[in-house]
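Remarks on the structure that follows.
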Amino acid sequence: MSNSNTLYITNSLTKTKELFTPITPGYVGLYVCGPTVSGESHLGHARPYITYDVVNRYLQHLGYKVRYVRNITDAGHFEEEGREAEDKMAKKSALEKLEPMELATKYSRRFHWGMKLFNCLEPTIEPTATGHIVEQIEMIKDIMAKGFAYEKNGSVYFNVKKYAENYAYGELSGRGLDNLLENTRNLDGQSEKEDAVDFALWKAAPPEHIQRWASPWGEGFPGWHIECSAMACKYLGAEFDIHAGGMDLLFPHHESEIAQSTVVNGKAPVRYWMHNNMITIDGKKMGKSYNNVITLTDLFAGTHPILQQAYHPMVVRFYILQTHYRSTLDFGNEALQASEKGLRKLIGANELLKKLTFTENISTKNAELDAKVQKLVSEFAEFMNDDFSTAKVLANMFELATIINSLKDGIIKADELSSTTFSLLQTQFPIYFENILGLQSMEDNADNSKLDGVLQLLIAIRAEAKIKKDFATSDKVRNELLAVGIQLKDEKDGKVSYSFD
RNA sequence: GGUCCUGUAGCCGAGUGGCUAGGCAAAGCUCUGCAAAAGCUUCUACACCAGUUCGAAUCUGGUCGGGACCUCCA
């Protein structure tokens with residue numbers, strides 16, 4: 001499409017909106033930091049993966065062939081200074097009496113289950129950390145050979161000071177080395193690291209450690225930044241287009257990735273860094289340390305104490321897209337409930353629109369309305385091109401929903417619009433709503449033809465009752481259906497439609 | 001403590017110097033046997049104090065509040 005050269009992305013590296021130009025015309029390499037599968041997927045996971053799902057979808061819409069790599073972190077991470085070294089995979093495994101791989105498999109499946117419900121397209125490559133131990137070791141060897149890492153007691157550390165002498169360090173996080181040295185100096189006790197700012201590339205495994213691999217430095221496991229560098233490099237090359245993830249990964253994770261890859265490849269790995277903001281609950285970031293994590297299972301079932309009701313995955317998706325991805329998103333029942341109603345309205349409008357037909361009649365053209373619709377529709381692309389402003393696209397859709405409803409009720413006659421505008425609306429609205437924003441019906445996809453037959457019967461019975469002014473019966477049909485979640489809607493033209501909760 | 005972000009009507013939120021964002025809630029009206037749905041109308045806010053400017057929610061400085069990162073985290 002012609003819009004492919006006008007996409008602007010806020011690059012975290014430069015903190016500015018930049019025109020997106022792929023390294024190879026027509027192709028985009030997209031790397032998204034995936035989940036650590038040592039535990040249940042939660043609401044926090046919804047944000048980045050829905051955000052970058054829309055990015056992926058939009059890039060494809062623009063005609064790009066996207067290689068979308070999203071890793072699964074299934075190797076143990078140890079924690080840095082100031083805390084006891086600890087492997088999340090191993091610890092959780094012991095707790096659940098599972099092999100680390102059983103644990104990883106279990107939660108990977110749970111993650112995929114959630115992503116499917118959110119209607120997220122699958123990444124084209126989904127590499128695991130444990131499946132790329134060899135690549136990680138090779139990369140570490142390379143970094144050592146180039147003199148930017150050293151071994152201590154079977155562990156290997158990256159020499160940040162030396163790196164900073166040769167390359168620009170801290171560009172992404174805006175953290176200078178001096179600043180870091182100052183802030184970490186007193187935290188560091190008797191570390192085997194030469195410098196507090198250094199980070200581990202490989203960690204020697206203590207005897208009780210379950211996940212362990214042979215390496216040139218003895219048995220151990222990889223550090224927590226090297227996997228992304230190794231896998232991104234393997235599948236997307238030494239330099240690729242977009243690397244995305246949560247803002248909490250900015251430092252030290254992504255900063256370290258840049259350092260590792262730069263040493264190995266002699267150039268910065270990523271053209272555009274994208275970072276989504278966090279989801280907060282009562283103004284506080286959701287996180288394990290805050291004890292306010294809402295798992296996807298709880299979210300969809302409404303079983304978390306903070307939840308007043310269950311929320312459909314589509315409602316969550318919609319809610320997330322109503323806010324720009326770089327802003328924090330505060331979670332609350334009231335907001336979610338508002339989203340549910342709003343989404344319902346848009347889904348209804350989208351379905352209605354598909355059924356509308358344009359017939360040239362006698363209506364005089366409404367130039368003002370025509371221009372308005374033209375503008376609202378053409379802004380879809382404009383807004384998406386402006387750093388994926390999904391919130392604005394949705395705002396326009398709400399305005400169009402009113403027009404669509406009016407068309408349906410005959411308040412506006414279809415041919416008040418020009419036929420080109422009408423068909424523009426009819427084609428573009430669903431493309432953006434379904435294909436790009438990835439929003440879809442909340443109804444079960446079960447075959448509803450039998451249910452429809454039953455409902456048509458009830459609608460007919462109610463209609464007969466109404467003719468006889470037997471309102472007790474007609475209201476009973478309506479109210480009992482409503483009680484089981486089916487709402488009858490009397491339309492302007494006397495027809496009756498229905499919708500499900 | 002260091003680095004950075006942020007403070008918008010009852011709630012959620014867009015906003016990148018001048019022109020009604022949008023949604024939900026609330027109120028009134030139209031339609032309806034009554035409702036619901038739908039449509040129309042109303043509610044016009046930018047933490048505070050200075051400054052720049054013809055003009056600021058938007059830029060600058062300060063004050064107060066909230067948050068993130070510096071530890072695993074999306």
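Lettering of chains follows the sequences in order, A, B, ..., and the numbering in each one begins at 1. Excluded from the calculations below are hydrogen atoms, water molecules and symmetry mates; all remaining heavy atoms, backbone and side chain alike, are included.
Atom name P, nucleotides B:rU44 and B:rG10: the rounded distance is 10 Å, in whole Å. Here, B:rC59 and B:rG22 have their C1' atoms 26 Å apart, quoted to the whole Å.
Shown here, B:rG51 forms a base pair with B:rC59; the pair counts as Watson-Crick or G-U wobble because both key distances fall under 3.5 Å.
If you measure from atom CG of A:L43 to atom P of B:rA74, you get 13 Å, rounded to the nearest angstrom. Summarising the geometry, the separation between CG on A:L321 and C1' on B:rC12 is reported as 15 Å, rounded to the nearest angstrom. In this structure, A:N277 places its CG atom 17 Å from P of B:rC73, rounding to the nearest Å. Between A:H254 atom NE2 and B:rC69 atom P there is a gap of 14 Å when expressed in whole angstrom units.
At a threshold of 4.0 angstrom between heavy atoms, the contacts of A:L250 with the nucleic acid are absent.
A donor and an acceptor atom never sit less than 3.5 Å apart when one is taken from the side chain of A:R326 and the other from the base of B:rC5.
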Under-3.5 Å N/O pairs linking protein and nucleotides 21-28 of chain B:
unit_1: B:rA25; atom_1: OP1; unit_2: A:K341; atom_2: NZ; d: 2.8

Which atoms of nucleotides 45-47 of chain B (N or O only) lie under 3.5 Å from a protein N or O atom, and what are those distances?
none

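An aromatic stacking contact between A:Y49 and the base of B:rA74 is absent, as defined here by ring centres under 5.5 Å apart and ring planes under 30° from parallel.
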